[in-house]
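So the structure is just underneath, and the comments pick up after that.
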Amino acid sequence: MNVGEWMPRVAAATCNGCGDCVAQCPTGALGLQNGKAVLVELSKCTYCATCESVCPVGAIELPYLVLRSQ
């Protein structure tokens, strides 16, 4: 998997553009474009998951890789 696959994903159809995630992002990685939240500074994202937890409509998800022991 490449690095981009491990960044927050914003469901544009669900995002209501409230800006809560942008306001709470500690690194300024998120911004609003065309009334929707987007990851505007990929290199600034520290994967802290704040955006996911503050989104009131559940439009943001952070993918995680789960490894199973054999």
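Distance alone, capped at 3.5 Å, is enough to place a donor-acceptor pair between the T27 side chain and the K44 backbone.
One distance of note links CG of L30 with CG of D20; it measures 11.5 Å at 0.5 Å rounding.
Grouping the Ile, Leu, Val, Met, Phe, Trp and Tyr side chains by contacts below 4.5 angstrom, directly or via other members, places V10 apart from V57. Cluster membership check: L39 shares its hydrophobic cluster with V22, using side-chain heavy-atom separations under 4.5 Å among Ile, Leu, Val, Met, Phe, Trp and Tyr.
A pairwise comparison of heavy atoms in L32 and G19 identifies CD1-CA, 4.3 Å as the closest pair. Between E52 and L62, the shortest heavy-atom contact is OE2-N, 3.2 Å. The heavy-atom pair separating C15 from A37 by the smallest distance is SG-N, 3.3 Å. Minimum heavy-atom separation, V40 to G31: CG2-N, 3.8 Å.
A side chain to side chain contact (heavy atoms under 4.5 Å, CB included) with C45 is found for exactly one of P8, C25, C51, namely P8.
Residues in residues 23-42 take part in no salt bridge (charged side-chain N to carboxylate O under 4.0 Å, His left out) pair, two or more places apart or across chains.
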